[in-house]
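The structure appears below as C-alpha cells.
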Amino acid sequence: MGFVRTVNDRQKSCVLLAENIPWFAAASRRKRWLVGVSGGADSVALLHLLVGAGFKDVVVCHLDHGLRGRASTEDAKFVGRLAKNLGLEFETARIDVTAQMNSDGESMETAARNARHEFFGNCAKKHRCSRILLAHHADDQAETVLWNLLRGSHGLRGMKAEQTLTTKSGVALQLIRPLLGVRREQLTEWLVANGHRWREDASNAMPVAVRNRLRNEVLPLLAEISNRDAAFSLIRGAAETEELDQLESWALDQVKVLDPQGRLHLPVLRSLPIALQRAALRKFLQGHGIPSPSRDLLDRGLGLLDTGGPAVLNLPGGKWLKRREGRLFFGS
C-alpha cells in the first residue's frame with residue numbers, strides 16, 4: 001500500500017472516525033456490548049472502531065446461516081480469529097435457514113432475520129446483556145427506505161438508530177445502529193487505509209434478492225438518470241419523515257387520543273384531520289407489534305370509525321382490531 005501505519009496511528013484513526021459518529025461520544029465504555037459481526041466490511045469496521053475507541057467489554061456474535069456452504073464456514077472461522085486477535089469473547093452458532101424457510105413458509109430474508117434475532121437472544125441471556133450493536137450504514141438505510149416505499153409504507157421510512165424488539169422466544173433486545181449516518185464507501189476506505197481485512201460475500205452481487213437488485217441496479221440507475229446521489233436523497237427524506245413523526249407524536253399527545261387504558265378513543269379520533277387519524281392508528285399498531293403498517297391497512301383500519309360498517313379488522317400475524325363502546329381494541 002506504499003506505507004505502514006503503527007498501532008498508535010491506527011488508534012488515532014479510529015478516534016478520528018469515531019468522533020464524527022455521535023453514538024461513540026455518548027456510549028459508556030464501562031458497559032458490556034454484544035456486536036453482530038458477519039465478517040463483511042461493515043461489521044468488521046464497526047468492531048475495529050469499537051476496540052480502537054476504548055470499548056473493552058465486547059462480545060463478538062456470529063451466526064452461520066448455512067446458505068453458502070464452505071464460504072459460510074470460512075466466514076465463521078475468520079470472525080472467530082478476528083475476535084481472538086482482538087482479545088474479545090466470541091459466540092457462534094449455525095442454523096439451516098433453508099429448512100426454516102420450508103418449515104415456517106417465510107422468505108429467505110425473513111427467515112434469516114428471525115434466526116439472527118433468536119441467536120442474539122440466546123447470546124443476550126448468556127451474557128446478561130440485551131444491547132446488540134449492528135453495522136447497518138447509510139447506504140443500507142437508503143435501500144430500506146426505497147424498499148419500504150415500494151411496499152406501500154407511509155412516507156420515507158427506514159431503520160431506527162435504536163429499536164426495541166422481542167424475539168419469538170420472548171427475549172427483549174435493544175438493537176443499536178451506530179453507523180447509520182456513515183456511508184459504505186467511508187467504511188471501506190477506512191478499512192483499507194488501516195490495513196484491516198474483511199470477507200466478501202459473492203452472493204451480494206447476484207441478482208437473486210430484492211435488496212441486491214436495489215443496491216446494484218436500481219440505485220445506480222436512479223443516480224445516473226437524476227445526475228445526483230439518489231441514496232443521499234432517500235436518506236435525507238427518511239430523516240425528514242422522522243422529524244414529522246415527532247411533530248405528529250406531540251400533536252397526538254395534546255389531544256389525548258388514547259384513553260387511560262391505552263385504547264384509541266373514537267370520539268377524539270373522529271375529531272382529528274384525516275392525516276392525524278392515520279398517524280394515530282399507525283402509532284397504535286406499531287405499539288402492538290405491527291412495525292410497518294401499509295397505507296392500505298391504515299385506510300381499512302380507519303373504516304372502523306364508521307359505525308355502520310364492520311367492527312373487526314384482521315391484522316397480520318393472527319391479530320385483530322375491534323371497535324366497541326367508543327374505543328378501538330387490539331387483540332390476538
Side-chain angles (χ1 to χ4, degrees), residues 23-24 26-40 42-44 46-51 53-67 72-73 75-136 140 159-180 286-292 316-319 332:
W23 180 86
F24 280 85
S28 170
R29 271 63 172 168
R30 296 181 180 179
K31 290 181 178 179
R32 172 170 295 167
W33 301 93
L34 307 186
V35 189
V37 181
S38 67
D42 316 326
S43 58
V44 169
L46 175 58
L47 186 59
H48 281 294
L49 283 168
L50 288 166
V51 172
F55 291 82
K56 298 187 180 348
D57 195 354
V58 173
V59 180
V60 178
C61 305
H62 175 86
L63 179 64
D64 178 354
H65 297 84
L67 292 171
S72 291
T73 303
D75 287 347
K77 290 179 179 178
F78 171 82
V79 177
R81 288 193 299 269
L82 178 59
K84 182 178 180 181
N85 292 338
L86 294 173
L88 303 175
E89 289 190 72
F90 178 55
E91 293 290 344
T92 187
R94 190 179 191 278
I95 188 169
D96 187 341
V97 169
T98 303
Q100 186 167 320
M101 289 169 54
N102 296 332
S103 172
D104 299 342
E106 299 171 330
S107 68
M108 180 181 295
E109 184 178 6
T110 299
R113 182 174 60 248
N114 289 338
R116 284 194 298 275
H117 290 166
E118 289 300 321
F119 169 63
F120 290 146
N122 292 336
C123 295
K125 287 191 293 185
K126 179 177 178 179
H127 294 277
R128 297 182 180 181
C129 175
S130 62
R131 295 178 296 275
I132 317 290
L133 301 180
L134 302 176
H136 296 115
D140 292 325
M159 295 174 283
K160 301 289 186 183
E162 295 193 12
Q163 172 190 358
T164 300
L165 65 80
T166 302
T167 67
K168 287 185 176 180
S169 57
V171 180
L173 299 175
Q174 183 184 8
L175 304 185
I176 303 167
R177 301 179 174 94
L179 305 182
L180 215 49
Q286 288 172 336
H288 288 87
I290 310 292
S292 302
K319 300 171 182 177
S332 58

Out of curiosity, [X] [atom1] to [Y] [atom2], how far, rounded to the nearest 0.5 Å?
| X | Y | atom1 | atom2 | value |
| --- | --- | --- | --- | --- |
| Asp57 | Lys31 | CG | NZ | 12.0 Å |
| Leu173 | Thr166 | CG | OG1 | 7.5 Å |
| Met159 | Asp140 | CE | CG | 5.0 Å |
| Leu133 | Leu179 | CG | CG | 9.0 Å |

Can you list the steps and then say if His117 with Ile132 is a side chain to side chain contact (heavy atoms under 4.5 Å, CB included)?
CA-CA 10 Å; His117 290 166; Ile132 317 290; over 6 Å; no
Kindly give the heavy-atom pair with the smallest separation between [X] and [Y], and that separation in Å.
| X | Y | value |
| --- | --- | --- |
| Phe120 | Cys61 | CE2-CB, 4.1 Å |
| Ala172 | Ser130 | O-CB, 3.6 Å |
| Phe78 | Gly39 | CE2-O, 3.8 Å |
| His62 | Ser38 | CE1-O, 3.2 Å |
| Arg32 | Arg131 | O-NH2, 2.8 Å |
| Leu63 | Arg94 | CD1-N, 4.2 Å |

Can you confirm whether [X] sits close enough to [Y] that some side-chain heavy atom of one is under 4.5 Å from a side-chain heavy atom of the other?
| X | Y | value |
| --- | --- | --- |
| Arg29 | Lys56 | no |
| Leu47 | Val58 | yes |
| Asp64 | Asp75 | no |

Please lay out, stage by stage, how Phe24 and Leu49 fare under the test side chain to side chain contact (heavy atoms under 4.5 Å, CB included).
CA-CA 9 Å; Phe24 280 85; Leu49 283 168; 3.9 Å; yes
Under the criterion side chain to side chain contact (heavy atoms under 4.5 Å, CB included), which of Val59, Leu46, Val60 is the partner of Val35?
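Exactly one pass, corresponding to Leu46.
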Should we count NZ of Lys77 as having more than 12 external heavy atoms under 6.0 Å?
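No, the 6.0 Å shell around NZ holds no more than 12 heavy atoms from other groups.
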Decide side chain to side chain contact (heavy atoms under 4.5 Å, CB included) for Glu91 and Asn122; before the verdict, give the C-alpha distance in whole Å, the side-chain angles of both, and the deciding distance to 0.1 Å.
CA-CA 10 Å; Glu91 293 290 344; Asn122 292 336; over 6 Å; no
Flag the pair Phe55 / Trp23 as yes when their ring centroid distance falls below 6.0 Å, and as no otherwise.
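Yes, the ring centres sit under 6.0 Å apart.
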Dump the intermediate steps for side chain to side chain contact (heavy atoms under 4.5 Å, CB included) on Leu88 and Val51, then the final yes or no.
CA-CA 9 Å; Leu88 303 175; Val51 172; 3.9 Å; yes
